Amino acid sequence: MDTAIGTALAAAENGRVAGERAARRALAELPTDRVDFCQVFSSIEYEYDAVIAGISAVIGTDPPLIGCSTGEAFTEDGVTRGVVAVGLVASDTVRFFAGLGTGLSDDVSGTVREAVADLPSEVTGYPHMAAINLHDGLSGVGEELALVTQKQLGPQVRIAGGAATDDHHLEGTHVFHNDTVAEDAVALGLIAATERPVIAVEHGHEPLSEPFEVTRSDGSLVYELDGEPAFQVWKDSVRAQVREEFGVTVDTLDPTDQLLQRIMCEFEFGFDQGGRYKMRWPWIETDGGPLHFAVGIPEGTVMRVMHGHPDTQIESGRQTVRSAIERAGDVEMAGAFVYDCACRSIVLEDELPVAIDAMAIELDMPMVGFETYGEIGMGRKQFSGFHNATTVVLLLPK
């Protein structure tokens, strides 16, 4: 049997019913009652244990299951909050395995070792391998996690995935592995296939400022750029553009103002990687305080302020799908798992459904995904794999 993917969104009065509904709808899209893999993204409005119990009531407990908490999730049929999104796979040409590691923020290497302990290093007859990495979105170790995951799995394994979210509350995020729900953890899904799975990564930001050097930082806190207060340097860089686009003066916005949060998602920082920029999302908690990032930013790092207009955000999602399809070449694909940054949803606001529809139309096959707190997209022999404000697409071969 070729690879078949069924996807569905469902809402209900409780998590068990929502999980069961989503699983039944997704199962109905498959040509068989057999399920070989399940990926689930659950709204924080539900009890996660109940969501998994509802899904298991439909597909059983044998298929490997991974997933995480989120605010917004989507399929090819649309995007919404307050739902459970399920992607089910049945295939004779792709095999799936899953693992879980805990204690992520204190010991990245140990956590990944735990997650990969029961995963095979190779699968006879399935020479091409890829992995899905879903992890605690508040751990602050995304870049290290991407590198350690590839080191543990091997350089031949391409990795896609995202950081779990909690609808911008920043209070607690969770990952799922079979019937287990965990915080401060990583869930890995290993894919072994007869043809090569494809991963593509794109963002919609362009350089706005001249480069700045980080001259004072502490972990994920950046205090100074070129010897000046980092937040002030950011405001100086975006002031004219913000006034033109939003009609406000950025200096008058309080750190708690939602408009400032949106503006900081649209005007992020980028690190030059030889003509391509890797995005890093900043936020501020107190006026005059340091810029916060989701990963550590060492002193000496050079970065620019970037601009990602809503129109370019829509186009970048579409371009990610195009890039993935181009990389697939003559190999027919069955569907996609998509990991899309929650910063993009903040920038796009009411236009987020337009962006998701644009990807679905370009893809023209089943897809399921969620809005992340950071994305992992890492190919062979790459030395950096954690992103912000980015879309990552993983295509499964048919």
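Since the model is a prediction, treat every value here as computed from it, not as a measurement.
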Regarding Thr3 and Thr93, is there a side-chain donor-to-acceptor distance under 3.5 Å anywhere? yes
Answer with yes or no whether the side chains of Glu206 and Thr312 bring together a donor and an acceptor at under 3.5 Å. no
Just wondering, do Cys38 and Val86 contact through their side chains at under 4.5 Å, heavy atoms? yes
Rounded to the nearest 0.5 Å, what separates atom CD in Gln152 from atom OG1 in Thr111? 10.5 Å
So, the side chain of Glu375 versus the backbone of Gly162: is there a donor-acceptor pair under 3.5 Å, distance only? no
Going by an N to O cut-off under 4.0 Å, is there a salt bridge joining Glu20 and Arg24? yes
Residue pair Asp184 / Ser105, side-chain donor-acceptor N/O under 3.5 Å: yes
Any ion pair linking Glu143 and Lys278 (charged N to carboxylate O, less than 4.0 Å)? yes
pair Tyr277-His205: side-chain heavy atoms closer than 4.5 Å: no
For Asp251 and Thr249, which I'm curious about, is there any donor-acceptor pair between the side chains at under 3.5 Å? no
Keeping Asp166 on the side-chain end and Glu171 on the backbone end, is there a donor-acceptor pair under 3.5 Å? yes
Mind checking whether Leu190 and Pro120 have side chains closer than 4.5 Å, heavy atoms only? yes
For Gln232, I'd like to know if atom CD has over 12 heavy atoms of other residues, nucleotides or ligands within 6.0 Å. yes
Do His307 and Glu245 pair up side chain to side chain, a donor and an acceptor below 3.5 Å, judged on atom types alone? yes
